[in-house]
Amino acid sequence: MYFAPESLRSPLSDSLAITVQNSTLTSRQLRSLHAQILTNGFLRCRPAPLLAAFISSCFRSHCPHYASSFLRSIPNPPPSLWNSTVRLSLRSEKFPAFLGLYGGMLRDGVKPSKTTLSAILRSCAAYSATRLGESFHSQVVKVGFEFDVILQTGLLDFYAKAGDLPSSRKVFSGMPERDVVADNAMISALSKNGCVEEARKLFDEMPQRNAASWNLMITCYCKLGDIDSSRRMFSLNPDKDTISWNAIIDAYFKLHDPAVAYELFVRMGPARNYVSWNTMISGYVRCEEYGKAISTFQEMQAANVRPTEVTMVSLLSACAHLGALAMGEWVHNYITRKRLKVDSVLGNALIDMYCKCGNVEAALEVFDQLETRNIFCWNSIIVGLGMNGYGERAVDFFTMMTEEGVKPDGVTFVGLLSGFTHSGMVAEGRRYFSQMTETYRIEPGIEHYGCMVDLLGRAGLLKEAIELIQTMPMKANPQVWGSLFRSCQIHKDTELGEKVVRQLLELDPRDSGNYVFLSNLYASLSRWDDVSCFRKLMIEKGVRKIPGRSSIEVDNVMHEFVAGDTTHPQFEQINLFLDEVARKLKEHGHEPDKALVLHDIEDEEKDSAIRYHSERIAVAFGLMSLPPGKTIRVVKNLRTCSDCHSVLKIISSVFQREIVVRDKKRFHHFKDGYCSCKDYW
DNA sequence: TTAGGGTTAG
């Protein structure tokens with residue numbers, strides 16, 4: 001809380017200060033405050049803190065333009081006010097405002113303070129604002145500001161993070177004197193740009209090293225995949241600090257050794273800080289141990305360590321992978337309760353979580369409320385809409401994105417094109433695929449060709465799909481052949497299908513799915529000898545099929561069911577309930593596909609009866625355990641079989657329940673006997 | 001001046 005100096009104390013200045021310190025203001029409130037400040041003689045007395053508080057309030061209220069018009073309305077604003085305003089504009093991620101303010105400051109003859117200059121460099125580096133940083137650089141040169149070692153090092157850091165290694169080198173070699181900090185910055189530049197060997201050489205030649213130098217090398221060797229050298233840097237460092245421990249723990253996670261990482265975390269003991277916890281949580285997410293990520297978060301809370309935005313991002317990522325909507329909602333709630341700052345990274349994590357948990361409306365709400373949206377946020381919403389079967393809405397967002405001046409990238413087009421596949425929008429796919437190169441100058445990668453092959457194939461345009469594979473500039477990978485095979489299956493082109501799957505087996509002999517593809521194909525043709533031949537081949541080669549797993553969240557607990565699994569404590573009740581389900585299905589004229597029971601082994605073990613397919617057990621458990629009207633949300637690791645798909649449609653209407661199933665690749669929203677995929681998957 | 005965070009086709 002700001003209080004004006006005694007001499008300036010008046011009810012008005014106090015009330016102004018209070019208003020200004022309050023959270024967000026509307027632009028009308030800002031205007032009226034501005035008028036009050038101008039007309040009440042404040043300016044003559046210059047209560048600098050009040051002026052600064054008002055400016056801060058402009059940024060907090062997302063009206064940066066008020067800050068600059070306010071500054072312009074003050075005769076000779078003090079240099080400190082200029083500087084703090086410029087720094088605020090950086091912190092609020094409002095670069096256009098920053099540029100205007102910075103130019104205004106220079107025109108006003110105010111030299112930026114050293115704090116401001118380093119803040120600018122740091123921000124440019126942090127936000128990879130390459131052009132901005134460069135224009136800043138030239139402006140600074142123009143006004144004749146002298147670069148000392150610290151500023152040059154900042155500049156070096158900026159160019160390093162912007163990925164501009166040549167400029168980093170130029171700055172570094174042009175430095176009249178170098179200290180440890182400068183050498184460290186150059187090591188960091190080299191390491192970040194993949195020139196790990198060179199970084200190592202520089203480190204070896206350094207006349208002086210500090211803790212930071214050793215710590216940098218831990219990460220540097222980790223990038224080389226050389227964990228032994230990372231560990232050596234850790235051990236040799238004479239000033240081991242918390243950062244050293246955190247760096248080595250992270251290195252083990254990055255090289256997929258969570259067990260050693262955990263061991264070090266335990267050994268670290270009281271030296272742990274919040275970053276150590278965040279490293280553990282994000283590390284488990286990286287190693288796909290989502291349950292451990294969540295339990296580590298619970299331990300973090302028990303240890304009374306305050307979680308940060310970074311913690312939340314990792315947690316949300318775990319929820320997204322698990323499809324744990326209730327947990328994700330809890331995290332969102334926690335963020336609001338603890339007033340954590342939802343920046344573009346955290347916002348993106350929320351959007352992604354909601355999309356991957358099948359709650360698109362919540363994702364859209366987060367998206368709308370974001371102050372700053374970067375390419376990640378746009379991509380996540382576009383990918384998410386497509387994945388949930390809303391191809392047209394994805395296009396709407398693409399249009400909005402370009403209208404807002406955000407340039408789409410390769411990921412955007414993957415999202416769009418894959419979304420079109422899920423909605424059968426062939427014409428749009430063609431249009432955007434050509435727009436990609438013609439309008440946006442993005443070279444299509446294998447993933448884009450893969451999307452197109454999928455889109456064309458699924459629409460029955462198999463010939464065109466094959467032609468595209470033959471004419472594309474790179475060799476098709478297993479994914480491309482795999483999607484073409486699915487299309488052959490859907491459109492019953494067994495001849496082409498057999499050719500495709502043989503290609504697949506050659507490229508990817510370890511992938512169990514490919515063998516399953518082929519034996520399914522033979523089964524559909526009643527070529528049983530070939531079926532058993534391939535099963536034998538699978539056993540010989542030691543290729544194991546992945547069992548189907550489905551999970552459902554009830555009362556904040558994740559229940560996982562594996563196909564044919566009878567070990568759940570409530571299995572007997574579930575089984576009785578499945579009988580009832582089967583009875584009701586029969587009443588509605590559904591006959592299970594017997595052929596599928598015996599031969600469709602794509603997703604489940606052959607011998608487990610179809611009624612024990614994991615998604616069916618999970619849905620039955622949901623019907624039993626969740627209150628009426630509550631949507632049943634199931635996450636499955638593989639694709640749903642066609643029989644389960646039609647059963648779930650019937651269940652949604654007979655039991656009047658919405659069911660959302662996330663399978664390996666997309667969402668199915670079942671309601672009133674229909675599925676959002678329109679049986680197109 | 002060093003440690004921890006986000007989107008990608010079957």
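Order of the sequence lines fixes the chain letters, A, B, ..., with proteins taken first and strands second; residue numbering starts at 1 for each chain.
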Sequence neighbours left out, cut at 3.5 Å: what donor-acceptor pairs do the side chains of residues 212-219 of chain A make with other protein atoms?
residue	atom	partner	partner atom	Å
A:S213	OG	A:N184	OD1	2.9
A:S213	OG	A:N210	N	2.9
A:S213	OG	A:N210	O	3.1
A:S213	OG	A:N210	OD1	2.9
A:N215	OD1	A:N237	ND2	3.3
A:N215	OD1	A:S244	OG	2.8
A:N215	ND2	A:A211	O	3.3
A:N215	ND2	A:D241	OD1	3.3
A:T219	OG1	A:N215	O	3.3

Review point. Which of these nucleotides, B:dA9, B:dT2, B:dG4, is closest to any side-chain atom of A:S282?
Key: B:dG4
**Study point:** Phosphate OP1/OP2 of B:dT7: any A:H321 side-chain N/O under 4.0 Å
**Key:** no
**Study point:** A:D396 and A:T399 side chains, donor-acceptor separation under 3.5 Å
**Key:** no
Check your understanding: Out of B:dG5, B:dT8, B:dA3, which nucleotide sits closest to the side chain of A:N273?
Key -> B:dA3
Check your understanding: Given atom CD1 of A:I218 and atom C1' of B:dT2, what is their separation to the nearest angstrom?
Key -> 9 Å
Check your understanding: Can you tell if the side chain of A:E329 reaches within under 4.5 Å of the side chain of A:Y354, non-hydrogen atoms only?
Key -> yes
Point to revise | Between C1' of B:dG10 and CZ of A:R639, the distance in whole Å | key: 6 Å
Check your understanding: Which whole-number value in Å describes the distance from A:K192 NZ to B:dT2 P?
Key -> 6 Å
Check your understanding: What pairs with A:R373 under salt bridge (charged side-chain N to carboxylate O under 4.0 Å, His left out), at least two apart in sequence or on another chain?
Key -> A:E404
Check your understanding: Nearest to the side chain of A:V275, which nucleotide is it out of B:dA3, B:dT1, B:dG6?
Key -> B:dA3
Review point. Can you tell which of B:dT2, B:dG5, B:dA3 lies closest to the side chain of A:N215?
Key: B:dT2
Exercise for review: Under 4.0 Å between any heavy atoms, over every strand shown, what does A:D239 touch: base, sugar-phosphate, or nothing? Just pick one.
Suggested key: nothing
Check your understanding: B:dT8, B:dG6, B:dT1: which one has an atom nearest the side-chain heavy atoms of A:F376?
Key -> B:dG6
Check your understanding: Atom CZ of A:F367 and atom P of B:dT7: how far apart are they, to the nearest Å?
Key -> 16 Å
Exercise for review: Select one nucleotide: of B:dT2, B:dT7, B:dG5, the one nearest the side-chain heavy atoms of A:V313.
Suggested key: B:dG5
Check your understanding: So what does A:K240 hit on the nucleic acid, given a heavy-atom distance under 4.0 Å: a base, only sugar-phosphate, or nothing?
Key -> nothing
Exercise for review: For A:Y449, answer base if it contacts any base atom (sugar-phosphate contacts may also be present), sugar-phosphate if it contacts only those atoms, and nothing otherwise; contact means non-hydrogen atoms under 4.0 Å.
Suggested key: nothing
Check your understanding: Which part of the nucleic acid, if any, lies within reach of A:L346 when heavy atoms closer than 4.0 Å are counted: base, sugar-phosphate only, or nothing?
Key -> base
Check your understanding: When the distance from CZ of A:R486 to P of B:dG10 is rounded to whole Å, what number comes out?
Key -> 11 Å
Point to revise | A:K356 vs B:dT8: side-chain N/O to OP1/OP2 distance below 4.0 Å | key: yes
Practice item. Look at all strands and tell whether A:R286 reaches a base, only sugar-phosphate, or nothing, counting heavy atoms closer than 4.0 Å. Key: sugar-phosphate
**Study point:** Distance, rounded to the nearest Å, where A:D454 contributes CG and B:dG10 contributes P
**Key:** 5 Å
Exercise for review: Establish, from distance only, whether the side-chain atoms of A:N348 and A:S380 form a donor-acceptor pair under 3.5 Å.
Suggested key: yes
Review point. For A:N278 and A:N246, does a side-chain donor sit closer than 3.5 Å to a side-chain acceptor?
Key: no
Practice item. Taking the side chain as every heavy atom from C-beta outward, state whether A:F398 and A:Q435 have any pair of such atoms under 4.5 Å apart. Key: yes
Review point. To the nearest angstrom, how far is A:I187 atom CD1 from B:dA3 atom P?
Key: 12 Å
Point to revise | Listed nucleotide nearest any side-chain atom of A:N477, set B:dA9, B:dG6, B:dT2 | key: B:dA9
Review point. With sugar-phosphate meaning primed atoms plus P, OP1 and OP2, does A:N374 contact a base, only sugar-phosphate, or nothing at under 4.0 Å between heavy atoms?
Key: base
Check your understanding: From B:dG6, B:dA9, B:dT8, pick the nucleotide closest to the side chain of A:V345?
Key -> B:dG6
Check your understanding: When all nucleic acid strands are considered with a 4.0 Å heavy-atom cut-off, which category describes A:I446: base, sugar-phosphate, or nothing?
Key -> base
Check your understanding: Within the modelled atom types, does a donor on one side and an acceptor on the other bring the side chain of A:T308 and the base of B:dG5 under 3.5 Å apart?
Key -> no
Exercise for review: Return yes if the base of B:dG6 and the side-chain atoms of A:N379 contain a donor-acceptor N/O pair under 3.5 Å, otherwise no.
Suggested key: no
Exercise for review: Give the rounded distance in Å between these two atoms: CG of A:L202 and C1' of B:dT1.
Suggested key: 14 Å
Review point. Within the modelled atom types, does a donor on one side and an acceptor on the other bring the side chain of A:N278 and the base of B:dA3 under 3.5 Å apart?
Key: no
Check your understanding: Does the base of B:dT1 carry an N or O that pairs as donor and acceptor with the side chain of A:N210 under 3.5 Å?
Key -> yes
Check your understanding: What nucleic acid atoms does A:L417 come within less than 4.0 Å of, heavy atoms only: base, sugar-phosphate, or nothing?
Key -> nothing
